[in-house]
Each structure stands twice: as C-alpha cells, then as structure tokens.
Amino acid sequence: MLYPIVKYPEKVLDKAAAPVKVFDEKLAELANDMFDSMYKAHGVGLAAPQIGVSMHIAVVDLTVGEDPAQRIVLCNPTIIETSGTQSMEEGCLSLPGFHAPCVRPQKAIVKAQDLKGEWFEMTGEDLLARAFCHETDHLNGRLFISHLSVLRRDMIKRQIKRKIKAGEWE
Ligand code: NI
C-alpha cells in the first residue's frame, strides 16, 4: 500500500513517536509500505510519522530502490556515537522543494532493532550518517529545519505559509 507523505506543519511530525513493541507480520508490512511510499516520492529515508503513523520506525535506502541489499529498517533507533562534522544541502519529503545546508556529524553509529526485534549497531558515514540522524530526529518530533539558523528557518516557514494560503501545499 502506498501512503501519501504528511507535510509540515502537521502535528504528527512534531511529537515523539511511540516505541515499537510488537515485531510481527504487520510491522514487516508497514516497513514494506514505507519503502514503497518512499521510492514513489524519490526519497532516501522515511520515518513512520511522515505517513501519519506515530511509531518509532524508519527506513533508509540510499539507492532509492536500485539495490534491495541496501534497504535498512530502523526500529527504536538511537544515535549512540558521532564524530566529525559535514555540511551539505539537506531536504525532507515533508518539506518538498526546500533544501538548505545543514550541519551533521560526518560519522554516526545508530543502535536499533530489526523487524524481528534483534538489536544491531550500524555505522554510517557522509550521506548515510546524515540519513540516520535525520530519520532519528523525525522519530523524536524534530525536523531538519530545526538545525538551521532562526533566520533561515523562519524564511522557509514563511514561504510555506504563503504556499498554504495559495493552495500550493497539498
Ligand atoms: Ni525528513
């Protein structure tokens, strides 16, 4: 099933998602649907709140579906270690059309559970580190614009307000 992507300023994006407790068929199906919905939107990461499901699960695939081996499911993820910094243009499917340079760790280690509930740790560098941080933020009710300067963030918010008024933010 394909889900529409929830956009800023929907409330579900602002709150911390509930932990995943049951690792069953339904969860696996949700993860599959999240991958499909993310691919359709041409994204490399998607957190459950972005499809209106306030649960601590996110998916990442830097190949956007080109290589099934690169699919990563993160249940109840936390970033346990970071090092270095990188600044690159970042965007978000919930803020379509808006990109801004965002400072992130160059390297991030995420600890999470897989779809069977098994804990694992994975090290991401560059874009993968960025994706781990971006998606984990989502699950804690945080959007990438919260990492920008107040000036830049307010500018983006104002532009979105204008789009909403003009009916260009469906
Ligand atoms: Ni996002």
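Computed over heavy atoms, backbone and side chain alike; hydrogens, waters and symmetry mates excluded. Index from 1, following the sequence. First listed ligand is number 1; within each ligand, the first listed atom is number 1.
With a cut-off of 2.8 Å, the protein N/O/S atoms near the Ni ion (ligand 1) add up to 3.
Heavy atoms only, all atoms of each residue included: I79 and A108 are closest at CG2-CB, 4.3 Å.
For D61 and Q70, the side-chain atoms include no donor-acceptor pair closer than 3.5 Å. Of the N and O atoms on the side chains of Q106 and D126, at least one donor lies less than 3.5 Å from an acceptor on the other residue.
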Can you give me every donor-acceptor pair (side chain of residues 155-170, partner residue at least two apart or in another chain, under 3.5 Å) with its distance?
from : atom 1 : to : atom 2 : distance (Å)
W169 : NE1    : Y8 : O      : 2.7

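Ionic pairing of K116 and D24 is not present here: no N-O contact between side-chain nitrogen and carboxylate oxygen is shorter than 4.0 angstrom. A salt bridge is defined here as a Lys NZ or Arg NE, NH1 or NH2 lying under 4.0 Å from an Asp or Glu carboxylate O, and K111 with E81 fails to meet this definition.
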